[in-house]
Trainee: 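The structure under discussion is supplied below as structure tokens; questions concerning it will follow.
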Amino acid sequence: MTATLQPQPTLLSARHPVWMCAMRPFFLLTMASAVLLIALWSAVLALGLPPPPVAGGALVWHAHELLLGFGLAAVAGFVLTAVPEFTATASASPRTARQLVALWLLGRAGFWLSGVAGWPALAVAGAAQLALLGSLIALLWPALRTPAGQRHHAFGWALAGVVLLVAGFYLNALRGAYPMRWLHAFLGLLMVLIVIAMSRISMRIVNRAIDQAGTGAEPYLARPPRRNLAVLCIALFTLAEFAHAGSATSGWLACASAAAVFNLLGDWHVGRPLLRRWPLMLYTVYLCMALGYGLMGWALLAGGPGVTAGRHLLTVGTMGLAIYAVICIAGRAHCGLAMDERTWGVWGAGLIALAALLRAGATWAGDTSLAWMAVAGLCWVAAFGLLCVFIAPVLWRARADGLWGCEG
């Protein structure tokens, strides 16, 4: 007697494996955005391809989609998985996950069409972005109110801050004002969110490396005073830059942010376990952050074009590498798989670090700056292309352990 093969559920079906955990579709969108957006931007810079005629111009489109497209998809995937895990509460249902993804896609479509369809498309994009963020807060609020969730209120406050910044961006854009400062502020808030998230992730990863190394080193602790000082300095710099960009006050606060992040790295110096791939990858996230703020502070105080270089260390290096590492780690763990120890993960992380250095260095490259930026874009696309090859199939198919959901 032959067994009857069950048909694979279609993507539109709630039973498709991609909807079993909200992390899955959002991480897939994150990876696809990373490849397509930077490939398109590199073609704009190197080949003269016309960018989408959006409100605010090409540079605003590039920053908006990198932060509120790629970055926000990664944030959504992370908090929808991490907060339920940290608080032992239920994760989003397949129906909710599909609704959230539809809002993200509507936000992309509205903004990309804003140069053609005008303010109605821009209004749709803003409404979709705010609805997505409001839905995230509403979904996570019950979990954050539990006794376990009280330790993670920072995620809720960070999302509330994003709501204000997104609303400010779209109000400015609808009035015809240049809205870039709102995106710069969002980048600062994203740096704060990375510090908060890394404190949760790093203890598990670094202590695992210490156990594997068998060195007998003391357990690693992400100490709140150092973390809180870094968050405070970054927040103050972000506020100062928003209120008066280019001021000496901003420069000193950027230097203070760099010093606070370097101070935070002091907790990570645990000896040889730090040199293992996953701890070193996360360490490099903070290193790019410290160097980025340091370069911005130096440029603001001494003059020169280093602010742009520092900001690209934050976006390409810190944000890009943090998202890459989280997808590598959480993408497999919450699909019932152990971390992938093959060398592709190291190559991808190295390519992102190289992309950050090249993109920052292009600031001083003179006539060859476009070539530097093009190579940086290729490195970034190759790194996230590796994720698409090795992690996307894991997120698309059923769990290897036969379970359903986000359990890690």
Trainee: If we only count heavy atoms from C-beta on, is the Pro393 to Arg397 side-chain gap below 4.5 Å?
Mentor: yes

Trainee: Taking only residues two or more places apart in sequence or in another chain, which ones pass side chain to side chain contact (heavy atoms under 4.5 Å, CB included) with Leu28?
Mentor: Val18, Met31, Ala392, Leu395, Trp396

Trainee: Where do Leu314 and Gly292 come nearest, in terms of heavy atoms and distance?
Mentor: CD2-CA, 4.1 Å

Trainee: Is a side-chain donor-acceptor pair under 3.5 Å present for Glu65 with Trp41?
Mentor: no

Trainee: Taking only residues two or more places apart in sequence or in another chain, which ones pass salt bridge (Lys or Arg N to Asp or Glu O under 4.0 Å) with Arg208?
Mentor: Glu341

Trainee: With side chain to side chain contact (heavy atoms under 4.5 Å, CB included) as the test, would you mind laying out the steps for Phe78 and Val83 before giving the verdict?
Mentor: CA-CA 8 Å; Phe78 176 79; Val83 172; over 6 Å; no

Trainee: Around Trp268, counting heavy atoms of other residues, nucleotides and ligands shown, do more than 12 lie under 6.0 Å from its CH2?
Mentor: yes

Trainee: What residues, two or more places apart in sequence or in another chain, satisfy salt bridge (Lys or Arg N to Asp or Glu O under 4.0 Å) together with Arg204?
Mentor: Glu85

Trainee: What do the steps show when you test Leu29 against Leu105 for side chain to side chain contact (heavy atoms under 4.5 Å, CB included), and what is the final call?
Mentor: CA-CA 9 Å; Leu29 290 171; Leu105 292 171; 4.3 Å; yes

Trainee: Name the residue from Phe169, Phe186, Trp182 that meets the ring pair (Phe, Tyr, Trp, His ring centres under 6.0 Å) definition with Phe242.
Mentor: Trp182

Trainee: Measure the shortest side-chain to side-chain distance between Leu103 and Gln99 over non-hydrogen atoms and say whether it is less than 4.5 angstrom.
Mentor: no

Trainee: Just to verify, what does Arg200 make a side chain to side chain donor-acceptor pair (under 3.5 Å) with, not counting sequence neighbours?
Mentor: His152

Trainee: Which atom pair, heavy atoms only, marks the closest approach of Met296 to Val307?
Mentor: CG-O, 3.7 Å

Trainee: Begin from the C-alpha positions of Tyr324 and Met281 and carry the test side chain to side chain contact (heavy atoms under 4.5 Å, CB included) through to its verdict.
Mentor: CA-CA 10 Å; Tyr324 177 90; Met281 195 182 299; 4.0 Å; yes

Trainee: Begin from the C-alpha positions of Ser247 and Thr249 and carry the test side chain to side chain donor-acceptor pair (under 3.5 Å) through to its verdict.
Mentor: CA-CA 5 Å; Ser247 66; Thr249 301; 4.5 Å; no

Trainee: Taking the six-membered ring for Trp, is the centroid-to-centroid distance between Trp252 and Phe237 below 6.0 Å?
Mentor: no

Trainee: Please report the closest heavy-atom contact between Leu183 and Ala63, naming both atoms and the distance.
Mentor: CD1-CB, 3.7 Å

Trainee: Go through the steps to decide whether Tyr286 and Val195 satisfy the test side chain to side chain contact (heavy atoms under 4.5 Å, CB included), and finish with yes or no.
Mentor: CA-CA 8 Å; Tyr286 276 146; Val195 172; 3.9 Å; yes

Trainee: Applying disulfide (SG to SG under 2.5 Å), which residue pairs with at least one partner in residues 167-202 are found, sequence neighbours left out?
Mentor: none

Trainee: Between His64 and Tyr170, does the ring centre distance come in under 6.0 Å?
Mentor: yes

Trainee: Taking the ring of Phe384 and the ring of Trp380, is the distance between their centroids below 6.0 Å?
Mentor: yes

Trainee: Okay, side chain of Ser114, backbone of Ala55: is any donor-acceptor separation there less than 3.5 Å?
Mentor: yes

Trainee: Kindly check if the number of other-residue, nucleotide or ligand heavy atoms within 6.0 Å of CH2 (Trp364) is above 12?
Mentor: yes

Trainee: Are we looking at SG atoms under 2.5 Å apart for Cys21 and Cys406?
Mentor: yes

Trainee: Can His269 and Tyr220 be counted as having a side-chain donor-acceptor contact under 3.5 angstrom?
Mentor: no

Trainee: Would Trp104 and Gln129 count as a side chain to side chain donor-acceptor pair (under 3.5 Å) if you check the C-alpha gap in whole Å, the side-chain angles of each, and the deciding distance to 0.1 Å?
Mentor: CA-CA 7 Å; Trp104 185 89; Gln129 296 270 44; 5.7 Å; no

Trainee: Show the nearest heavy-atom pair for residues Ile234 and Tyr293, with the distance to one decimal.
Mentor: CG2-OH, 3.2 Å

Trainee: Give the minimum heavy-atom separation between Leu287 and Phe262, together with the two atoms involved.
Mentor: CD1-CE2, 3.9 Å

Trainee: What residues, two or more places apart in sequence or in another chain, satisfy ring-ring contact (aromatic ring centres under 6.0 Å, His included) together with Trp344?
Mentor: Phe390

Trainee: Testing the basics here: between Ala248 and Leu301, what is the closest heavy-atom pair and its distance to 0.1 Å?
Mentor: O-CD2, 3.6 Å

